[in-house]
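Since the structure comes first, as structure tokens, the remarks are kept for the end.
From a predicted model like this one, the values you see are computed outputs, not experimental measurements. Proteins get letters first, then strands, A, B, ... in listed order; numbering begins at 1 in each.
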Amino acid sequence: MKVWVFAEATDDKVTTATLELLTKAREIGSEVEAIYSGSGDTAAIAATVGSYGATKLHTMDPGDGLPGQVAAAPIAALVGTDNPDVILFAQTYDGRDALGRLSVRLDKPVLTNGMSLSVDGDSLLFGTAIFGGVVLVDVKLKDAAPALIAIRPKSFAAEESGGSAAEVVPLPAADSGRAAEARVLARHVEEQQGPKLEEATVVVSGGRGIGAAENYEPLVEELAKLLKGAWGASRAIVDAGWVPYALQVGQTGKTVKPKLYIALGISGATQHLVGMKNSDNIVAVNKDGEAPIFSVADLGIVGDVHKVVPALIELLKAKS
Amino acid sequence: MNVAVCVKQIPDPAVPGSLSADHTLDRSGKLILDESDSYGVEMALQLVDAAGGGEVTLISMAPNEEVSGLRTALAMGAAKAILVSDPALAGSDALSTAKVLAKSIERAGDIDLVLAATESSDGYTGTVPAQIAQLLDWPALTFSKHVEIADGKVKVQRQTEAGYDEVEASLPAVVSVTAGVVEPRYPSFKGIMAAKNKPVDKVTASDLGLEASQVGWEGARQEITNVEQAPARQAGEKFEDDGTGAEKLVAFLEQLKVV
Ligand SMILES: Cc1cc2nc3c(=O)[nH]c(=O)nc-3n(C[C@H](O)[C@H](O)[C@@H](O)COP(=O)(O)OP(=O)(O)OC[C@H]3O[C@@H](n4cnc5c(N)ncnc54)[C@H](O)[C@@H]3O)c2cc1C
Ligand SMILES: Cc1cc2nc3c(=O)[nH]c(=O)nc-3n(C[C@H](O)[C@H](O)[C@H](O)COP(=O)(O)OP(=O)(O)OC[C@H]3O[C@@H](n4cnc5c(N)ncnc54)[C@H](O)[C@@H]3O)c2cc1C
């Protein structure tokens, strides 16, 4: 099976989600190639994707166009000549843009929010979870190749194969039509401290139970920093404007899988749980003993975050 | 300026979802306006207001000629709606849905801007806006958390992993908006009364020139082979905080060697 991966990179660093896809691609396919639309250093990216098993890196520089959207036309052209069986995308902003446009160009259905993928005879078996992760669904693709599939980050482990750098080849030139009219005028990078939410060993998240926006820093951020972790949030406090969307964990936010997840004042709605319940260990502090978060917690403290968390912070400070 | 807003009518998310015998989402009960789309409706009303003219047209595909969600959006202030309802559309996937919505936008005619949510609350495939844009060959500004119109162009703040990008495109264009882009208004009593008489253009797939092979089950080209409950995670220990909660936490953290 010939598997392509839509690769993404932040500056010159290939994203973890891409590495997860490449690892999966190696497992299900005999030939793995990557596609990259961006202005990063293609030699550096080719070295990384190569060490995860890609033999070729098809590249284009989107200039100030939206990288996913202007990539669709050239990818469609390449599909026409190279006939891949599967194209994998991460369920990310640019991944979804590329996938949506490509599906129309090829007139192929999309499978999205994937959490598992395997080969069954000569067809692909795609697994996803619905109703906030409570029900698992397996789907068999009936259509002719290529299958267009988007996978939620953190669904697979990323493992190196030790391959040499992928061969860099330019994507064929193709007319993107009016998709190319969307232009990036400026980029705003929000200051980020500490480890990335998706990569941290410890994640501390706050929910509505912390009471007010000004409690986020002294309770959630402070505890996360002491544990050298990242801080996250439930959608309730993102929608309330207490913290930016980038911190949201759950169905419509990030999926995290740290060694330890600490939920402070979070009720544990299914849409939140789907983003964190595969963490190795879960700790919850909630004043309501019946809160659903306790049903997934390895250690639950039924109590007030305003008492428990400051006391915890004091104890941790005293120890260091 | 004329704005079309794609609004999905969905089963109430507060009620636990279930699947029908054919493995599609059970949509037989009452459907409501997807909260995610209330942001698009509000944004559209504000943009038309700021432009000083034009109207907001709702576009929806839903079973059984469902209108309750549309009435909510009409009560907020939209002028009219196109409702595509057709048994041939049952089982439609995201691409088929986008084909239906794109054809409906063409039917509405004279649209400068299409708004949709970044993803719906029930299916959350998250590709429909980009698919609509490609079908129409319009630019798409996706994941927008701020939208403005000036000099025949639309300018948005597009969410990125690192922060946001300022992105611009000429009209007509498709924009997908995130939850919280604006604060949706509550329909007023007057709005609710007025909504009852606003026009809803009810059409079928063939009215839009779509063949059954392009949409619905046939269009989806996939088969659900297994549905099962996810394995539940075991709950661990739970303690009432009697003043020793913090100590118990420290002990647990030490055991995990994170401190
Ligand atoms: C749990 C679940 C998983 C599914 N997975 C897939 C999948 O992997 N691939 C696939 O192709 N289909 C899938 N489907 C089917 C698909 O969700 C819908 O049936 C399809 O009609 C619309 O897709 P969406 O709501 O997910 O689109 P999204 O792309 O999430 O919708 C984005 C926006 O498009 C607009 N929109 C979408 N549908 C309509 C509508 N009917 N009327 C008006 N506006 C609308 C709304 O503004 C909406 O917020 C799934 C359905 C369910 C219930
Ligand atoms: C389509 C859809 C997608 C969604 N996506 C997401 C998502 O990605 N992520 C997400 O998080 N949510 C998501 N949600 C929302 C989700 O359903 C919940 O509404 C949300 O997670 C609730 O956030 P919360 O737990 O902070 O707030 P609440 O549910 O209000 O819970 C607050 C908790 O704090 C506790 N509490 C109050 N005071 C204290 C105190 N002093 N000390 C200790 N505990 C206290 C309360 O007992 C309560 O359990 C989504 C919903 C829908 C419909």
Could you tell me which portion of [X] (side chain, backbone, both or neither) has an atom closer than 4.5 angstrom to a non-hydrogen atom of chain B?
{"X": "A:L125", "result": "side chain"}
{"X": "A:V189", "result": "both"}
{"X": "A:L185", "result": "both"}
{"X": "A:L315", "result": "side chain"}
{"X": "A:E8", "result": "neither"}
{"X": "A:L111", "result": "side chain"}
{"X": "A:K319", "result": "side chain"}

Which residue out of [options] racks up the most heavy-atom pairs below 4.5 Å with chain A?
{"options": "B:E119, B:Q157, B:E166, B:K155", "result": "B:E166"}
{"options": "B:V174, B:T178, B:L141, B:V227", "result": "B:V227"}
{"options": "B:Q229, B:E240, B:E237, B:Q159", "result": "B:Q159"}

Which residue out of [options] racks up the most heavy-atom pairs below 4.5 Å with chain B?
{"options": "A:G303, A:G177, A:A186, A:A311", "value": "A:A186"}
{"options": "A:D94, A:D239, A:L99", "value": "A:D94"}
{"options": "A:V202, A:T10, A:L66", "value": "A:L66"}

Is the shortest heavy-atom distance from the side chain of [X] to the side chain of [Y] under 4.5 Å?
{"X": "B:F239", "Y": "A:L299", "result": "yes"}
{"X": "A:Y245", "Y": "B:K145", "result": "no"}
{"X": "A:N113", "Y": "B:T125", "result": "no"}
{"X": "A:V110", "Y": "B:L95", "result": "no"}
{"X": "B:L253", "Y": "A:L316", "result": "yes"}
{"X": "B:D165", "Y": "A:H188", "result": "no"}

Exercise. Does a donor on one side chain and an acceptor on the other come within less than 3.5 Å for B:Q131 and A:S103?
Worked result: yes

Heavy-atom cut-off 4.5 Å, strictly under: side chain, backbone, both or neither for [X] against chain A?
{"X": "B:V259", "answer": "side chain"}
{"X": "B:A94", "answer": "side chain"}
{"X": "B:S18", "answer": "backbone"}
{"X": "B:E254", "answer": "side chain"}
{"X": "B:K153", "answer": "neither"}

For this session: Please indicate whether A:K225 has more than 12 foreign heavy atoms, meaning atoms of other residues, nucleotides or ligands, lying under 6.0 Å from its NZ.
Result: yes

Exercise. Should the heavy atoms of other residues, nucleotides or ligands under 6.0 Å from CD of A:E199 be counted, would the total exceed 12?
Worked result: yes

Minimum heavy-atom distance [X]-[Y], with the two atoms named:
{"X": "B:A169", "Y": "A:A182", "answer": "CB-CA, 4.0 Å"}
{"X": "A:S176", "Y": "B:D137", "answer": "O-OD1, 4.4 Å"}
{"X": "A:E198", "Y": "B:E161", "answer": "OE2-OE1, 3.9 Å"}
{"X": "B:F252", "Y": "A:N281", "answer": "CZ-OD1, 4.2 Å"}

For this session: Check for a donor-acceptor pair, side chain of A:R178 on one end and backbone N or O of B:L136 on the other, with a separation under 3.5 Å.
Result: no

Exercise. Side chain of A:R96, backbone of B:T142: donor and acceptor closer than 3.5 Å?
Worked result: no

How many angstroms lie between [atom1] in [X] and [atom2] in [Y], if you round to the nearest 0.5 Å?
{"X": "A:E181", "Y": "B:E168", "atom1": "CD", "atom2": "CD", "answer": "11.0 Å"}
{"X": "B:I132", "Y": "A:R101", "atom1": "CD1", "atom2": "CZ", "answer": "11.0 Å"}
{"X": "B:L256", "Y": "A:D280", "atom1": "CG", "atom2": "CG", "answer": "9.0 Å"}

Exercise. Does B:D122 have any salt bridge (charged side-chain N to carboxylate O under 4.0 Å, His left out) partners at least two apart in sequence or in another chain, and if so, which?
Worked result: B:K8, B:R27

For this session: From the options B:R233, B:K238, B:Q234, select the one residue that forms a side-chain hydrogen bond (donor to acceptor under 3.5 Å, both in side chains) with A:D298.
Result: B:R233

Could you pull out every donor-acceptor pair under 3.5 Å between side chains of residues 284-296 of chain A and any protein atom, sequence neighbours left out?
{"residue": "A:N286", "atom": "OD1", "partner": "A:D288", "partner atom": "N", "Å": "2.8"}
{"residue": "A:N286", "atom": "ND2", "partner": "A:I266", "partner atom": "O", "Å": "3.1"}
{"residue": "A:D288", "atom": "OD1", "partner": "A:E290", "partner atom": "N", "Å": "2.8"}
{"residue": "A:S295", "atom": "OG", "partner": "A:P292", "partner atom": "O", "Å": "2.6"}

For this session: Go through B:T118 and A:Y93 one step at a time and tell me if the side chain to side chain contact (heavy atoms under 4.5 Å, CB included) criterion holds.
Result: CA-CA 10 Å; B:T118 53; A:Y93 305 123; over 6 Å; no

Identify every side-chain donor-acceptor pair in residues 109-116 of chain B under 3.5 Å, counting partners at least two apart or on other chains, and give the distances.
{"residue": "B:D110", "atom": "OD2", "partner": "B:N2", "partner atom": "ND2", "Å": "3.4"}
{"residue": "B:D112", "atom": "OD2", "partner": "B:N2", "partner atom": "N", "Å": "2.7"}

Problem set entry | Close contacts, residues 241-248 of chain B versus chain A, judged by heavy atoms under 4.5 Å | B:D241, B:G245, B:A246, B:E247, B:K248

